Structure formats: structure tokens, C-alpha cells
Amino acid sequence: MVIAVLTVEFALHGNDSLKGKRRVANSLKQKVRNTFNVAVAEAGTEESLVRLRLQVVSISNSEQHVRSRMDKCMLMMEAACDEEMTYSDVEVFYDD
């Protein structure tokens with residue numbers, strides 16, 4: 001089994017409210033879940049109003065499949081969000 005974790009971070013320029021941050025986060029999370037059938041959660045930036053870090057997790061039997069899914073997911077998130085993506089990384093773990 002192969003587990004992939006995609007981490008993406010956005011800079012929310014000009015955001016000054018939790019409501020604005022939640023709007024961006026919930027929109028992205030819903031689009032990603034509906035399109036790719038993956039788990040998505042905010043991780044580590046709960047205290048910041050100007051940074052949003054989301055982590056996406058997917059499991060498969062094929063490394064190629066999860067890497068492709070995470071790449072497509074990252075590209076969709078970048079295209080669907082007006083905010084600046086400042087960081088993205090994919091980690092792959094193997095469970096024997």
C-alpha cells in the first residue's frame with residue numbers, strides 16, 4: 001500500500017478575518033474532495049489569518065497512481081484559487 005500526502009500553502013494577501021480564510025479553505029477542500037475522492041484538512045496554520053496550509057491524503061496500491069493524483073490535485077488547487085500558492089510538496093510512504 002502506498003500513502004501520499006500533498007501539502008500546499010497559500011498566502012492570503014489582504015485577508016483580515018477568520019471568515020475570509022474559512023471561505024477560501026472550505027471552497028478548496030470541497031472542490032478537492034469532490035474531484036479526487038481524497039481526505040483534506042487544514043494543518044498548522046489555524047492561528048494565522050494570512051496563511052493557509054492544507055494537507056491532502058490518498059491511498060493506493062500504485063505509487064504512480066497516487067503521485068499522478070497528487071500532481072493533478074495540486075494543479076487544480078492552484079488554478080481554482082485566486083490566492084498565491086507559496087509552497088507545495090508531495091511525500092510518499094510505503095506500508096508493507
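Just so it is clear, the structure is predicted and the values come from calculations on it, not from any experiment.
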Knowing that exactly one of M77, R51, K21, R53 qualifies, which makes a side chain to side chain contact (heavy atoms under 4.5 Å, CB included) with F10? M77
When rounded to the nearest 0.5 angstrom, what distance separates NZ in K31 from CG in N26? 11.5 Å
Looking only at heavy atoms, what is the nearest atom pair of V2 and S62, with distance? CG2-C, 4.2 Å
Within the structure provided, determine whether E83 and V24 are in side-chain contact (heavy-atom separation under 4.5 Å). yes
Taking all atoms of both residues into account, what is the closest heavy-atom pair of Q55 and A43, and its distance? OE1-CB, 3.4 Å
Linking I/L/V/M/F/W/Y whenever any side-chain heavy atoms sit under 4.5 Å apart, do V40 and L75 land together? yes
Nearest atoms (heavy-atom pairs only) where S58 meets M70: CB-CE, 3.3 Å
Please check if the side chain of T45 supplies one atom and the backbone of S48 the other of a donor-acceptor pair under 3.5 Å. no
Qualifying residues under side-chain contact (heavy atoms from CB on, under 4.5 Å), relative to T86, sequence neighbours excluded: E9, A11, E84
Which distance, rounded to the nearest 0.5 Å, do you find between the CG of L28 and the CE of M76? 7.0 Å
After noting the C-alpha distance and the side-chain angles of V56 and M74, does the key distance pass the side chain to side chain contact (heavy atoms under 4.5 Å, CB included) rule? CA-CA 9 Å; V56 181; M74 189 265 306; over 6 Å; no
Would you find more than 12 non-hydrogen atoms of other residues, nucleotides or ligands less than 6.0 Å from R23 atom CZ? no
When rounded to the nearest 0.5 Å, the distance separating SG of C81 from CG of L52 is 7.5 Å
Pairwise side-chain contact, R69 with L6, heavy-atom cut-off 4.5 Å (strictly under): no
For the hydrophobic clusters of this structure (ILVMFWY residues joined by side-chain heavy atoms under 4.5 Å, transitively), does one cluster hold both Y87 and V90? no
Is it true that a side-chain atom of N34 and a backbone atom of F36 form a donor plus acceptor pair closer than 3.5 Å? no
Check whether any side-chain N or O of N15 sits under 3.5 Å from a backbone N or O of L49 as a donor-acceptor pair, and report yes or no. yes
